[in-house]
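These numbers come from a predicted model, not from an experiment. Counting starts at 1 for both ligands and their atoms, following the listed order. Counting begins at 1 with the first residue of the sequence.
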Amino acid sequence: MKTTILAALALFASTAVFAQAPVAVENAWARASVQGQSGTGAFMRITAREPLTLVGVSTPVARVAEVHEMKMEGDVMRMRAIPGLELPARKAVELRPGGYHLMLMELRAPLMPETRIPLTLTFRDANGQSRSMEVSVPVAVRPPAGSAAPHKH
Ligand SMILES: [Cu+2]
């Protein structure tokens, strides 16, 4: 019945709006790892729909996952965990090699190219509420076309 289909579509549409993702994620990828390698990085471009702070990441493929930044300390580039990454509304924030990234440590198994891993991103909004979103991230040896180039020094 036509009316039934329309009703179903309307219901689906309202559910989709209600469940709208807090951010848009583009060009996500995780760097492949080899046997014996304990950690790797995941990268993406995140655009929040409203001001949010990325406060955490988790994934079943790693025992530890953190939001990291790279920073020059004197002459040495170091990375460290940060408690949160500010995501201004409608402004793309790049996580890329040499910059902010998601650090996956104590990997349970090597990340194989041509597979995908689930990452759960946790955000805090302006009211202090947490929101999570799962993204499926392709594993690759090098950045996909269209993603930001690594920072060169
Ligand atoms: Cu790192």
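The aromatic rings of His101 and His68 lie perpendicular to each other, with more than 60° between the two planes, well past the 30° mark.
Leu95 is not listed as a side-chain neighbour of Val67, based on a closest heavy-atom distance of 4.5 Å or more.
Taking the Cu ion (ligand 1) as reference, His101 places its N/O/S atom NE2 nearest. Summary: ND1 is the N/O/S atom of His68 found nearest to the Cu ion (ligand 1).
Smallest separation of non-hydrogen atoms from Arg31 and Leu111: O-CD2, 4.0 Å.
Of the residues listed (Leu121, Val23, Ile82), the one engaging Leu54 in a side chain to side chain contact (heavy atoms under 4.5 Å, CB included) is Leu121, and it is the only one.
Residue Met103: an N/O/S atom is found under 2.8 Å from the Cu ion (ligand 1).
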